[in-house]
Amino acid sequence: MRIRFGYVAISLDVPEGTPNKTISVKASEKITNKDDRMSRLRRIMLVNLETTLRILRYNAASGIHLYRFTSKLVPLATHPLAAGWDYIAAAGTKWRDIGDYIRKNSMRVSAHPDHFTLLNSPKPDVLAASLADLDYHVRIFEAMGIEALPSLVLHVGGLYNDKLTALARFTENFVQLPERLRRRIMLENDDKIYTAKDVLGLCEELGCPMVLDIHHHRCNNAGEHLQDLWPRIAATWSSVLPKIHVSSPKNQTDLRAHADYVDLADVRPFINLATKTNLDFDIMVEAKQKDKAMFQLVEDLVAEPGVRRSGQATVEIADLLGRG
DNA sequence: TCGTGTCAAGATCTT
DNA sequence: AAGATCTTGACACGA
C-alpha cells in the first residue's frame, strides 16, 4: 500500500517561501488613485505566483507530489475594492505556467476556501459571498488549466440550531451549484459540529468525495470507529485517490489546535486499519512546521517495521501478508 | 528595527 | 442587542 505525503501552502525550506503576501483593505483604501491601487494589488499577486512556482519547483525536486495552494494568491480577490479586476489576465501567462508545471510533474494540488465559505448559511448574502469565493478558487484552477477533479476542500458549515435542517439546506444549495464549481468540491469532517459519519452520509447522498480528517474525528465523533467508516469513505473517491488530513493537538489543554509537528502515534492506528483495505491514499499534513513536519512524519514512519521509503515523500506499507 | 495590536469575510456563546 | 472568542499569519503602526 502506497501513501504519498503533502503539506499546506508555505514551505519553510524555501527561502522567502510564503505565497501569502497581501494588503489590508485599510491600507489599499489609502491609495486613492485607482490605477495605483490596482497596480499594487497586481504586484502583490505576481510575487505570490512567483513564490508558488518556486515552491512547486522545490516540491518536484524533493519528491513531493501533494500540495495545497494558499487561498490568498490574489489579494482582496473577492472584495468590492477589486470588483471587476481581471486578475487572470493581469498575470499574463503566470497561471498557465504554474498549471503546466503541475501537469508536467504529475502533481496533485488542492485548495481550502476558509471558514467564511458556508454553503449552508440561511443568509442569502453569506451564501452569495460563498459562491463568489468558490468561483474565485475555480477561476484560478481553470486559469492554470488543471483538470476538473475534486480539489477544493470545504466544511459543511454552521449548525444554526438544528443539524438536520442545516444538512438539508447544504444539500439544497449544493445540488444547485453550477457544475464547474460542484465537481471540484470535496467535503471534510470538522472538529466541532459535523462528524465523519455526518459528512460521510452527506457525501454518499451527493456523490461527493470525502476528505477524512483524523484529528477532527478524534475531537468530534459519536463513538464511531474509523475501521468501519474507512471503506465507505474510500468508496466516495471514484476518480482520484482518497485523501486524508492529519495533525496533532497543540497540547493537553488545547486539543483542537494544531501542533508544530505530527506525532506518529496519532497517525499510526489509522494507517494500520487502512492496511486492511490495502487501498493507496494521500496524506495532507497540517502542522505549523509545514514541509518540515511532513518530512519528519515520513522519517518516523519509515523507521517502523513493515514500512519502506519509496520516494522522499512517499512510503510503501507492507500489507497483512507481508507483501509490498 | 522590533514588538504588538489589527485585520474582508461568520458563527456561536456570553452578557 | 452588543461584545468576546474562535483561528491564522501577515500587515501596519507606534515605540
Side-chain angles (χ1 to χ4, degrees), chain A residues 7-12 14-31 37-38 40-41 43-52 55 68-85 87 111-137 152-163 165-167 169-170 173 188-194 198 213 215-216 219-220 245 247-251 253-260 284-293:
Chain A
Y7 68 99
V8 177
I10 295 169
S11 168
L12 299 181
V14 170
E16 313 273 317
T18 142
N20 287 336
K21 232 178 115 61
T22 186
I23 184 171
S24 68
V25 167
K26 279 191 175 168
S28 63
E29 278 171 339
K30 285 181 185 168
I31 308 171
R37 188 166 68 232
M38 299 320 289
R40 177 73 188 281
L41 292 182
R43 279 202 306 277
I44 293 170
M45 170 180 72
L46 292 177
V47 170
N48 287 341
L49 295 183
E50 179 54 38
T51 303
T52 297
I55 288 172
R68 183 195 297 168
F69 290 116
T70 172
S71 289
K72 301 190 182 77
L73 285 176
V74 182
L76 308 184
T78 59
H79 192 276
L81 265 174
W85 178 30
Y87 44 80
H112 196 340
D114 69 27
H115 65 288
F116 301 108
T117 300
L118 296 156
L119 287 183
N120 75 339
S121 174
K123 300 180 186 171
D125 55 333
V126 174
L127 180 61
S130 300
L131 297 183
D133 192 53
L134 270 181
D135 184 67
Y136 154 68
H137 283 87
L152 300 179
V153 189
L154 291 183
H155 292 291
V156 179
L159 181 64
Y160 311 104
N161 300 317
D162 176 9
K163 192 181 267 190
T165 305
L167 281 167
R169 195 165 46 238
F170 184 95
N173 291 335
E188 178 190 356
N189 57 307
D190 66 72
D191 56 5
K192 273 182 162 167
I193 303 170
Y194 296 98
D198 294 332
D213 187 311
H215 180 195
H216 291 167
C219 298
N220 179 28
H245 292 174
S247 47
S248 285
K250 190 180 181 69
N251 54 52
T253 53
D254 204 356
L255 290 174
R256 298 204 328 272
H258 290 172
D260 283 355
M284 182 58 74
V285 173
E286 297 184 322
K288 297 287 202 183
Q289 291 297 310
K290 307 293 182 186
D291 46 341
K292 287 181 186 297

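Computed from a predicted structure; not experimentally measured. In what follows, every chain begins at residue 1, and chains take the letters A, B, ... in the order their sequences are listed.
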What residues, two or more places apart in sequence or in another chain, satisfy side-chain contact (heavy atoms from CB on, under 4.5 Å) together with A/E16?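 Per chain and number, A/E16 pairs via side-chain contact (heavy atoms from CB on, under 4.5 Å) with A/R54.
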Using the side-chain contact (heavy atoms from CB on, under 4.5 Å) criterion, which residues pair with A/A257? Sequence neighbours excluded. A/K250, A/D254
Intra- and inter-strand pairing of DNA chain C, written as dot-bracket with Watson-Crick and G-U pairs under 3.5 Å and | for the latter, reads ||||||..|||||||
If I pick the [atom1] atom on [M] and the same atom on [N], what distance separates them, to the nearest angstrom?
N      : M      : atom1 : answer
C/dG3  : B/dC7  : P     : 15 Å
C/dT7  : B/dC13 : P     : 14 Å
B/dT6  : C/dT5  : C1'   : 15 Å
C/dC13 : B/dA8  : P     : 11 Å
B/dG5  : C/dA4  : P     : 15 Å

Rounded to the nearest angstrom, tell me the gap between atom [atom1] in [X] and atom [atom2] in [N].
X      : N     : atom1 : atom2 : result
A/K72  : B/dA9 : NZ    : P     : 14 Å
A/E286 : C/dG9 : CD    : C1'   : 15 Å
A/E29  : B/dT6 : CD    : C1'   : 15 Å
A/R256 : C/dT7 : CZ    : C1'   : 9 Å
A/D191 : C/dT7 : CG    : C1'   : 10 Å
A/H112 : C/dG9 : NE2   : C1'   : 16 Å

Has A/K290 got a side-chain N or O lying under 4.0 Å from the OP1 or OP2 atom of C/dG9?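 For A/K290, the contact criterion (side-chain N or O under 4.0 Å from OP1 or OP2 of C/dG9) is met.
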Is there a side-chain contact between [X] and [Y], using heavy atoms and a 4.5 Å cut-off?
X      : Y      : value
A/D198 : A/V156 : no
A/Y7   : A/L12  : no
A/I10  : A/P19  : yes

For A/D133 versus A/H137, what's the shortest heavy-atom pair and its separation?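 Nearest heavy atoms, A/D133 then A/H137: O-ND1, 2.9 Å.
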Distance from [X] atom [atom1] to [Y] atom [atom2], nearest 0.5 Å?
X      : Y      : atom1 : atom2 : value
A/L81  : A/I31  : CG    : CD1   : 10.0 Å
A/S24  : A/H79  : OG    : NE2   : 10.0 Å
A/D260 : A/K290 : CG    : NZ    : 11.0 Å

Evaluate A/Y194 against A/K163 for side chain to side chain contact (heavy atoms under 4.5 Å, CB included), listing each step before the verdict. CA-CA 8 Å; A/Y194 296 98; A/K163 192 181 267 190; 3.6 Å; yes
So if I define the base as every atom that isn't primed, P, OP1 or OP2, how would nucleotides 10-15 of chain B read as a B/S/- string at a heavy-atom cutoff under 4.0 Å? SSS---
Under a 3.5 Å threshold, yes or no: a donor from one side chain and an acceptor from the other, between A/E188 and A/H112?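 Side-chain D/A pair, A/E188 to A/H112: present.
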Which atoms of nucleotides 11-15 of chain C (N or O only) lie under 3.5 Å from a protein N or O atom, and what are those distances?
residue	atom	partner	partner atom	Å
C/dA12	OP1	A/S24	N	3.3
C/dA12	OP1	A/S24	OG	3.3
C/dC13	OP1	A/K30	NZ	2.3

Taking ring pair (Phe, Tyr, Trp, His ring centres under 6.0 Å) as the test, write out the residues that go with A/H216, two or more places apart. A/H155
